[in-house]
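Okay, structure first, notes after.
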Amino acid sequence: MSGAGHKDEVTKDFEYTREDAELLIVSTAGALKWLWAGL
């Protein structure tokens, strides 16, 4: 998500909505919970 702020040649067209950020945060939290449970 931080790529949007760099505006270099690779990331200049990256744009994230609030919904995108929320989805990435929730997905990461779910994966970490899954890993923590040892599944």
Hey, what do you get for CD1 (I25) to CZ (R18), rounding to the nearest 0.5 Å?
8.5 Å
Rounded to the nearest 0.5 Å, what separates atom CG in L24 from atom CD in E22?
10.5 Å
Identify, with sequence neighbours excluded, every residue that meets side-chain contact (heavy atoms from CB on, under 4.5 Å) alongside T28.
L32
